[in-house]
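Here is the structure we will look at.
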Amino acid sequence: MDLKLKDKVIVVTGGSKGIGNGICKVLVQEGAIPVIIGRNEQDVIKAVNTIKDNGGQAFYALAELTDQVACKNAMDSVIKEFGRIDGLVNNAGVNDNVGLEHGNYDDFMRSIQRNVAHYYAMAHHALPELKKSKGAIVNIGSKTSVTGQGGTSGYAAANGARNALTREWAVELLPYSVRVNAVIVAECYTPLYKKWLDTFPNPEEKLASITKHIPLGNRMTTDIEIANTVAFLLSEVSSHTTGQLLFVDGGYTHLDRSL
């Protein structure tokens with residue numbers, strides 16, 4: 001299926017690694033031009049060069065996403081380079097384990113800044129161009145927003161806000177035909193996930209204890225499976241889909257795990 005994304009300029013926060021990088025790879029396969037926004041210059045440039053070395057187009061802008069001025073500057077550089085923005089993928093964030101019992105107010109607020117405030121900033125600064133292109137926004141979210149996890153109040157609250165903003169923006173942007181959807185992730189194997197697993201005495205045993213509860217195939221979701229759904233939501237093929245939370249998780253969140 002042709003997703004009609006050729007030469008579309010798609011901004012992807014946190015696009016140098018993990019799910020964000022998987023999204024960039026699929027966008028390149030569809031002929032789009034991913035723009036990676038991140039703060040680690042070495043990682044961002046490496047990801048962009050890898051895309052270019054394999055015959056694709058890519059661009060980048062460096063930004064500390066907790067700084068809304070940096071978010072604006074990043075968007076301004078994209079507009080200066082291409083003259084337009086066709087899509088935005090809000091993806092960057094981190095499960096920073098700021099809990100209720102052992103956390104504190106300042107760390108909680110910092111988690112909100114790290115995990116949802118920049119979703120608003122990036123969408124706000126991209127919106128004038130998205131209105132012109134009748135583009136799309138895809139917010140990446142987490143199962144923690146609906147299942148809870150324990151010990152991660154900041155991250156769970158931020159992801160609940162991501163879900164709410166998806167619906168709110170979908171309503172607000174109806175007059176401009178800008179569609180807004182979210183892809184909700186459960187257990188997806190990424191470098192950060194591996195880093196977490198490596199904190200256990202037996203990582204393989206811990207991984208097996210998780211995958212046995214994923215109904216479809218008893219396996220982790222891949223970054224490319226997430227990315228395929230994101231590409232669909234960015235494309236004209238999903239032209240009448242907005243305000244939706246799509247769970248790409250092998251049934252982990254909603255199916256009976258005793259399966």
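- Nearest approach of Ile19 to Asp223, heavy atoms of both residues: CA-CB, 4.1 Å.
- One N or O on the side chain of Arg162 and one on the backbone of Ile140 form a donor-acceptor pair closer than 3.5 Å.
- Note: Trp196 and Phe200 have perpendicular aromatic rings, judged against thresholds of 30 and 60 degrees for the angle between ring planes.
- Salt-bridge annotation for Lys72 and Asp76: present, with a side-chain N of the basic residue lying under 4.0 Å from a carboxylate O of the acidic one.
- At a threshold of 4.0 Å, the pair Arg219-Glu225 counts as salt-bridged, since one of the basic side-chain nitrogens sits closer than that to a carboxylate oxygen.
- One finds a salt bridge joining Arg110 and Asp107 here, because a Lys/Arg side-chain nitrogen approaches an Asp/Glu carboxylate oxygen to under 4.0 Å.
- With rounding to the nearest 0.5 Å, the separation of CD1 in Ile85 from CE in Met122 is 8.0 Å.
- Defined by atom type and a distance below 3.5 Å, a donor-acceptor pair is missing between the side-chain atoms of Asn97 and Thr152.
- A side-chain donor-acceptor contact under 3.5 Å links Asn181 to the backbone of Gly243.
- Ring geometry, Phe247 versus His254: the interplanar angle exceeds 60°, so the pair is classed perpendicular (tilted spans 30 to 60°).
- Note: the hydrophobic cluster containing Tyr119 also contains Leu173 (ILVMFWY, side chain heavy atoms under 4.5 Å, direct or indirect links).
- Remark: the backbone N or O of Ala92 is paired with a side-chain donor or acceptor of Thr13 at under 3.5 angstrom.
- Remark: side-chain polar atoms of Ser111 are not paired, donor with acceptor, to backbone N or O of Phe108 under 3.5 angstrom.
- Closest of all the heavy-atom pairs between Val180 and Thr242 is N-OG1, 3.0 Å.
- For the residue pair Asn218/Thr211, the side-chain donor-acceptor check at 3.5 Å is not satisfied.
- Under 3.5 Å, the side chains of Tyr120 and Gln68 contain no donor-acceptor pair of N or O atoms.
- Rounding to the nearest 0.5 angstrom, the gap separating the CG atom in Asn21 from the NZ atom in Lys46 is 10.0 Å.
- Between the side chains of Arg114 and Thr66, no donor-acceptor pair of N or O atoms lies under 3.5 Å.
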From CA spacing to verdict: side chain to side chain donor-acceptor pair (under 3.5 Å), Glu187, Tyr193: CA-CA 9 Å; Glu187 307 301 323; Tyr193 202 102; 2.4 Å; yes
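- The structure places CG of Asn91 at 12.0 Å from CD1 of Ile37, a figure rounded to the nearest 0.5 Å.
- The stretch residues 3-22 participates, sequence neighbours left out, in these salt bridge (Lys or Arg N to Asp or Glu O under 4.0 Å) pairs: Lys17-Asp43.
- When all heavy atoms are compared, the tightest approach of Pro191 to Gly18 is CD-CA, 3.9 Å.
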